[in-house]
Every structure is written in structure tokens, then in C-alpha cells.
2 protein chains.
Amino acid sequence: MQNARPAKVVAMGESVGPQVYRILRERIIQAELLPGERLSESDAAKSLSVSRQPVREAFIKLSEEGLVQVLPQRGTFVTKISVASVMDVRFVREAIEADIVRVVAGDPAAETVAELRRQLAEQRKVSHDDRTGFLRLDELFHHTLAAAAGKSYAWSVIESVKAQMDRVRFLSVDDLHIGRLIEQHEKIIDGIAAGDKTAAEEAIRLHLREILTSLPEIARSRAELFDDTE
Amino acid sequence: MQNARPAKVVAMGESVGPQVYRILRERIIQAELLPGERLSESDAAKSLSVSRQPVREAFIKLSEEGLVQVLPQRGTFVTKISVASVMDVRFVREAIEADIVRVVAGDPAAETVAELRRQLAEQRKVSHDDRTGFLRLDELFHHTLAAAAGKSYAWSVIESVKAQMDRVRFLSVDDLHIGRLIEQHEKIIDGIAAGDKTAAEEAIRLHLREILTSLPEIARSRAELFDDTE
DNA sequence: AACACTTGACTTGTATGGTAGTAGGTTAGT
DNA sequence: ACTAACCTACTACCATACAAGTCAAGTGTT
């Protein structure tokens with residue numbers, strides 16, 4: 001007898017809709033739910049011990065973020081990855097973050113630079129095969145940049161874009177070239193600290209392109225996870 | 001007796017949830033529903049002759065887009081405008097569209113330039129006090145740029161940002177300086193046609209800043225529509 | 001064998017009842 | 001007159017039942 005009546009998964013004190021959303025979102029990003037996989041309002045509701053309604057609302061949010069695809073009367077599926085769409089979202093992220101670092105470099109606060117360098121030290125400590133650990137620090141780094149520029153809406157867009165990109169990173173078989181990424185983080189900080197807007201901008205543009213170098217390889221080795229209509 | 005039982009407003013063939021979303025979104029952007037105004041699932045459902053559920057889902061989508069604010073057990077309100085948040089979203093739009101025009105200017109297709117110039121002629125024809133007419137052409141213009149760059153996701157972000165900015169433009173009492181805006185459109189096209197990335201970028205950045213020149217004035221004259229926690 | 005049809009088990013979409021929480025006005029108590 | 005408790009009328013949230021569409025397997029017919 002294993003969980004004929006599954007335990008309550010969601011906590012009290014917060015609406016269950018957003019909770020379901022976060023749970024599913026996390027599982028999709030971390031490739032626990034694979035691209036192409038079929039979901040179902042009823043199944044998810046049962047496994048989380050909630051009704052269909054909050055699950056449905058979570059599905060809607062996920063579909064707006066592009067993580068699932070809802071086909072009326074047919075089913076809901078984790079959206080397959082497509083090289084074109086990943087490059088498309090990366091383009092948006094690069095544009096936003098390029099302008100963000102220009103703002104930060106234009107008036108580099110000493111505390112900000114110190115905080116970024118502190119984070120850099122943390123990043124060097126993390127093991128090269130601890131994806132989750134590094135990605136958490138990476139997220140913190142980029143969030144700190146956005147916060148330093150005082151752009152909260154910009155960050156919310158980046159968060160959404162980052163989800164799509166992180167999904168790819170979780171599928172990479174080899175390490176994430178963490179060493180190189182950290183070096184690039186350092187170049188960004190150097191540019192900011194020197195007040196050199198253009199240098200900082202070029203550094204982060206290069207950085208954001210580097211992240212997806214493994215994409216073509218993944219598209220070949222795991223073609224079943226990719227949209228083949230391109 | 002006026003509309004004791006209101007007529008069916010939504011059409012068949014498409015789910016009502018998205019329809020309700022579009023209807024409310026339009027009414028909010030065009031300032032028919034004013035910032036701060038109270039909404040209600042039940043009321044909206046009754047007035048549209050649908051059930052509360054699709055309305056609720058529309059509210060959720062609107063709240064993600066930042067057009068309404070849902071306070072659990074308290075009510076749903078059209079989000080008030082705030083100078084800071086409008087500038088925040090404008091920043092994102094500028095960053096994205098700047099990179100878009102650089103892409104387009106980097107490889108300017110003759111048909112694209114011709115299409116843009118054709119649209120420019122249309123814009124000159126529209127009356128200076130026909131807000132809706134001009135805004136539709138303006139949206140087409142910017143969409144054409146995004147499409148020419150092949151960035152569909154970028155456009156979806158712009159659409160969301162544009163909603164927030166257009167809401168302000170609908171509150172402007174005077175004309176929208178349409179003449180000046182059209183001149184700037186022309187400068188953008190010129191930069192693209194010349195293959196001058198930097199000129200095109202500077203032109204669109206200036207353009208997107210120009211759009212909100214009336215914001216401070218509106219914030220003074222219609223303070224009740226603005227968030228006062230800033 | 002091949003094709004058209006039916007049937008049934010799915011899917012998401014919509015409507016509705018009930019629950020818990022909030023806010024404001026009213027009434028009872030001091 | 002003032003305060004505190006209550007009470008009513010709302011709100012969004014959740015659960016459940018029903019409706020409508022899709023798809024595939026199976027069946028009957030040609």
C-alpha cells in the first residue's frame with residue numbers, strides 16, 4: 001500500500017493555486033517533467049490532493065510562460081524545446097541585461113561591487129557538478145545586477161526568460177563550463193567597477209551567448225525533446 | 001427596464017475565458033475602466049452573461065500582466081499607475097526595441113523598408129485627435145520591426161509593456177504630439193535603410209522616451225489615478 | 001481485406017454551490 | 001458620548017458536477 005490516499009502536499013496559509021504553479025514550474029525547469037510529456041488536470045490534482053480548479057489555473061500560468069501547451073479537449077503537454085525559440089528568448093534577455101549593466105556601470109556603488117565580488121568568491125567554492133547550487137548563485141548574481149539598477153519589472157521578465165534557458169542547462173550532460181562562466185562574471189564586475197559601460201555591456205553579452213553553447217549538441221543527442229517543426 | 005437579463009456578449013467558437021480577458025484588457029487600456037476602480041468576479045460575470053470561472057481566469061491573466069490587482073477575500077482593482085513602474089517597463093521596451101532595430105538595420109530588406117514607408121504615409125493621413133486610429137498604426141509599425149527581426153517572443157514582451165504605456169497615452173488630455181512621433185518613425189526608417197545600426201538605435205531610443213513626456217503632467221492633474229505610495 | 005461507423009474512455013471548458021475571510025455599519029453595553 | 005461586540009453583505013477561493021470535444025479501439029458492413 002503506497003499512498004492510496006496521498007498526503008497533503010500543499011501548505012496552508014497560502015492559496016493552493018500559486019503553490020501548484022511553483023511546484024510544477026520547478027519540476028519542468030529541472031527536467032523532472034520532460035519536454036513533450038503529457039500532463040492532466042485530474043492526475044496532477046489527485047497527486048497533489050487538491051481539486052482540478054487550482055491545477056487548471058496553474059496550467060494557465062505555465063502556458064503563458066511558455067512552459068506548457070494547453071490544447072483544448074486534447075491535453076496539456078510540457079512544451080518541447082526548439083532552438084529557434086530558445087534563441088529568441090535569449091535575445092530578449094541579452095537586450096535587457098545589456099542595458100542593465102550599462103546603468104549599473106554608469107554609477108557604480110561601492111557596496112554593489114563589493115557584494116558582487118563576494119558572490120564571485122561563493123561561486124568559485126561550489127563544486128563543478130553541482131548544477132542546482134551554481135544555478136542558484138548565478139540567479140542571485142543576475143538578480144543583484146537588476147536590483148542595483150533598480151529595475152524590478154525588468155527582472156520579472158528575465159526570470160521568465162531564465163526559466164526557458166535553465167531548462168536547457170539542466171539537460172546538458174557535461175558540466176556547464178562553470179569555470180569560464182565565473183571568469184565572465186568577473187569581467188562584468190571589472191567593467192562595472194571601472195565605470196566602463198561598453199566593456200561591461202560587451203562582457204555580459206558574451207556571457208549570455210556562452211550559456212547556450214551546448215544547445216546544438218543537446219538538440220542532436222536528445223532530438224525527442226525538441227520540436228521538429230522547424 | 002434596461003437589460004434586466006443582458007444579452008450574450010461573448011461569441012461562440014472560442015473559449016469564453018480568453019474572450020473575457022481581451023474585453024477587459026481593452027477596456028482597461030482605453031481607460032474605460034479607470035485605475036483604482038473596483039471589479040468583481042460576480043459583477044463582470046453577470047454583465048457578460050457568463051459564469052464566474054472564466055472571469056476569474058481572465059482576472060488572473062490580467063493580474064500577471066499587471067493591469068489588475070487581486071486581493072484575496074477583499075476585491076480586485078484596476079492597478080493604479082505609478083510613475084516609477086511605468087518608467088520601469090519603458091526601460092525594458094527600450095532595451096528590446098533598440099536591439100531589434102540594430103538587427104533590422106544590420107540586414108535591411110528592401111521590402112521591409114518599403115512596407116515601413118508605406119505605413120508612414122498611412123500615419124500621416126490619420127487625424128491628430130484620433131487616438132485609437134493612430135495607436136493601431138503605431139502598434140503595427142513596431143510589430144513590423146519585431147517581425148522583420150524575426151523575434152516573436154520579443155514582440156510578446158513588448159505587447160505587454162505597450163499595454164501599460166498605452167494606458168497612460170489614453171489619459172493624455174492634449175494630442176499625442178503625433179506629428180513629432182511620425183517624424184521619429186521616419187528617422188528610424190532612415191537609419192535602417194542606410195544600414196546605420198547606431199543611428200537607428202538612437203532614433204528609436206529617443207522615440208520611446210518621447211512617448212511618455214506627458215506622464216508627469218498627468219500624474220499631477222489626475223493624482224487620484226496614481227499610486228501614492230511612492 | 002478495407003472502410004465506415006459506433007462506442008467509450010479520456011481530455012479541457014463551464015457553471016454552480018459552499019467556505020473562509022474581510023469590511024463596514026449597527027447595536028448593545030459602559 | 002464612546003467603545004466594543006456582533007451581524008450582514010460582500011469578496012475571492014476551492015470543490016464538484018456537468019457539458020462538449022477528441023481520439024482510439026473495436027465492430028459491422030461492403
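Treat the numbers as computed from the prediction; the structure is a model and nothing was measured. Per chain, numbering begins at 1; letters A, B, ... match sequence-line order.
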Given C:dG17, C:dG13, D:dC14, the nucleotide with the shortest approach to the side chain of A:S51: D:dC14

C:dG13, C:dG18, D:dT11: which one has an atom nearest the side-chain heavy atoms of A:R56? C:dG13

Donor-acceptor pairs are to be reported for all side-chain atoms of residues 207-214 of chain A against protein atoms at under 3.5 Å, with residues two or more places apart or in another chain.
from, atom 1, to, atom 2, distance (Å)
A:H207, ND1, A:Q184, OE1, 2.8
A:H207, NE2, A:H142, NE2, 3.4
A:H207, NE2, A:H185, NE2, 3.1
A:R209, NE, A:E94, OE1, 3.3
A:R209, NH2, A:E94, OE2, 2.8
A:E210, OE2, A:R180, NE, 2.9
A:E210, OE2, A:R180, NH2, 3.2
A:T213, OG1, A:E210, O, 3.0
A:S214, OG, A:S172, OG, 3.2

Protein-nucleotide distance (B:F77, atom CZ; C:dT22, atom P), rounded to Å: 14 Å

Can you tell me the distance, in whole Å, between the CG atom of B:L39 and the P atom of D:dT11? 11 Å

Residues at least two apart in sequence or cross-chain that pass salt bridge (Lys or Arg N to Asp or Glu O under 4.0 Å) with B:E37, listed by chain then number, are none

Rounded to whole Å, please give me the gap between CZ in B:R52 and P in C:dT16. 9 Å

So which of residues 58-74 of chain B are in contact with DNA chain D, with a heavy-atom cut-off of under 4.0 Å? B:V70, B:L71, B:P72, B:Q73, B:R74

Side-chain N or O of A:T76 versus OP1/OP2 of C:dT11: is the shortest distance under 4.0 Å? no

Could you list the donor-acceptor pairs under 3.5 angstrom formed between side-chain atoms of residues 151-160 of chain A and any protein atom two or more places apart in sequence or on another chain?
from, atom 1, to, atom 2, distance (Å)
A:S152, OG, B:D88, OD2, 3.2
A:W155, NE1, A:H143, ND1, 3.2
A:S156, OG, A:Y153, O, 2.7

A:R56: partners by salt bridge (Lys or Arg N to Asp or Glu O under 4.0 Å), with sequence neighbours left out: A:E41, B:E57

Salt bridge (Lys or Arg N to Asp or Glu O under 4.0 Å) partners of B:R38, counting only residues at least two apart: none

Distance, rounded to the nearest Å, where B:E41 contributes CD and D:dC14 contributes P: 11 Å

Taking the nucleotide of DNA chain D with the nearest heavy atom to each, does B:D43 or B:Q53 sit closer to the 5' end? B:D43

Look at A:S15 and D:dA12 and indicate whether a side-chain polar atom (N or O) is within less than 4.0 Å of OP1 or OP2. no

Minimum-distance nucleotide (side-chain atoms of B:R38 versus D:dT11, C:dT11, D:dC14): D:dT11

